[in-house]
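Below is one structure, written out as structure tokens, with a few remarks after it.
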Amino acid sequence: MVKLRKGLSAGHGFNAWLQQRVTAVVMLLSIILFVGLFALAGKVINSDITSWQQYFSYTIVRVVAQITVLAVILHAWIGVRDIVMDYVKCMYGRVILYTLIILWLLGSTIYSFYVLW
Amino acid sequence: MTKKVKFSIYRYNPEKDAKPYFQDYEVEVGDHDKKLLNALVKIKDDNDESLSFRRSCREGVCGSDAMNINGRNGLACLTDIADLKQPITLAPIPGLPVIRDLIVDMTQFFHQYHSIKPYVIDDRPMPEHERLQSPEERKELDGVIECILCACCSTACPSFWWNPDKFLGPAALLHAYRFLADSRDQATNERLDNLNDPYRLFRCHTIMNCVDVCPKHLNPTRAISRIKETMLARNV
Ligand code: SF4
Ligand code: SF4
Ligand code: FES
């Protein structure tokens, strides 16, 4: 294999860092929003299924929930990839792990659409 | 009056020893031997001339006697014996290949340092007089130019342990910031491009071991955040 010359930059890294921060803010905002929503509705979070269904019959609630799920997925991807980059030295090991993680996160994304809509 | 000080010191001579081991020493130090380095020099003089370690300035300027002291990186010449629990356990700074005893191979560390181009880059024609800097511009460099490249920080950084060949480590990043912050330097874009990499800069997870151990009380983590802020400013 070609030996990578040291001291060269891959030209990215900043984007992942920024996305991680932006998604964290989105997650924080939606936690506040949802807690507020439940509090406003005068219900506790573990209330019965019909009131849950009622909340989620509003499109705006679904949209916010979907955005949150997407933020969680992207955030998780960057975080888990960071861990793999730190600890897994073997290139093929990484590729396999990335593939498994991507498949899992992609599955979760599709499933979240299925659940919410 | 003399005092006895107990030590347990990492020993390894690759030419003789199959494995590293710890050796116990007890040394008599006088009233003027306040610093750990004094005691080490005593051990070398009185007990065991084969004990190897680096030192030069003996006053926290050259950065050559960094070692792991009771589990924490520091400079032997700046560490008071009186502050240390005995037996004082000494080991080489972690994460770099050991050459012998407390001496490590710093090639990797300096390679990362050189890769950030640690000099002012300015290709404009030379002015008739020197390139001036206002007192305010000079002030920007306070807290970064004091670094003596002792490697206490980088070798205390888990990210540097895992990826010493790809992650620059706090010391080199501190210097990267030092040249970004220099009003005379004209290579901001190139410098930022060179740092925009998943490893070189962004392996830092803000663990802050570097800040904790720096014997010059510098703050590499802050410098790293400043670099990220500068990138943000360029990108948005
Ligand atoms: S930042 Fe501090 S610990 Fe790190 S190399 Fe410089 S002086 Fe040593
Ligand atoms: S703050 Fe960054 S550079 Fe400093 S010890 Fe932690 S990971 Fe390393
Ligand atoms: S001997 Fe120079 S820094 Fe300690």
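Just so it is clear: chains get the letters A, B, ... in the order the sequence lines come, proteins before strands, and each one is counted from 1.
Environment of OH in A:Tyr58: sparse, with no more than 12 heavy atoms of neighbouring residues, nucleotides or ligands closer than 6.0 Å. Within a 6.0 Å sphere centred on NZ of B:Lys85, heavy atoms belonging to other residues, nucleotides or ligands number 12 at most. Atom NZ of B:Lys117 sits in a sparse spot, with 12 or fewer heavy atoms from other residues, nucleotides or ligands closer than 6.0 Å. In this structure, A:Arg62 places its CZ atom where more than 12 heavy-atom neighbours from other residues, nucleotides or ligands lie under 6.0 Å away. For A:Phe56, the CZ atom is densely surrounded, since the number of other residues' heavy atoms within 6.0 Å is greater than 12. When the shell of 6.0 Å around OH of B:Tyr21 is examined, it contains more than 12 heavy atoms from other residues, nucleotides or ligands.
Expressed to the nearest 0.5 Å, how far NE2 of A:His12 lies from CG of B:Asp197 amounts to 7.0 Å. Atom CG of residue B:Leu232 and atom CZ of residue A:Arg21 lie 10.5 Å apart, to the nearest 0.5 angstrom. If you take CG on B:Asn196 and CH2 on A:Trp17, they are separated by 11.0 Å, rounding to the nearest 0.5 Å. One finds the CH2 atom of B:Trp161 at 12.5 Å from the CG atom of A:Asp86 (value rounded to the nearest 0.5 Å). How far CG of B:Asp193 is from CZ of A:Phe14: 12.0 Å, rounded to the nearest 0.5 Å.
For a residue to count as touching a neighbouring chain, one of its non-hydrogen atoms must lie under 4.5 Å from one of that chain's; by this rule B:Ile116 does not touch chain A. In this structure, chain A has heavy atoms under 4.5 Å from both the backbone and the side chain of B:Lys228. Contacts between B:His205 and chain A at a heavy-atom distance below 4.5 Å involve the side chain alone, from C-beta outward.
Of the possible polar contacts, none joining the B:Arg203 side chain to the A:Met85 backbone as a donor-acceptor pair under 3.5 Å is found.
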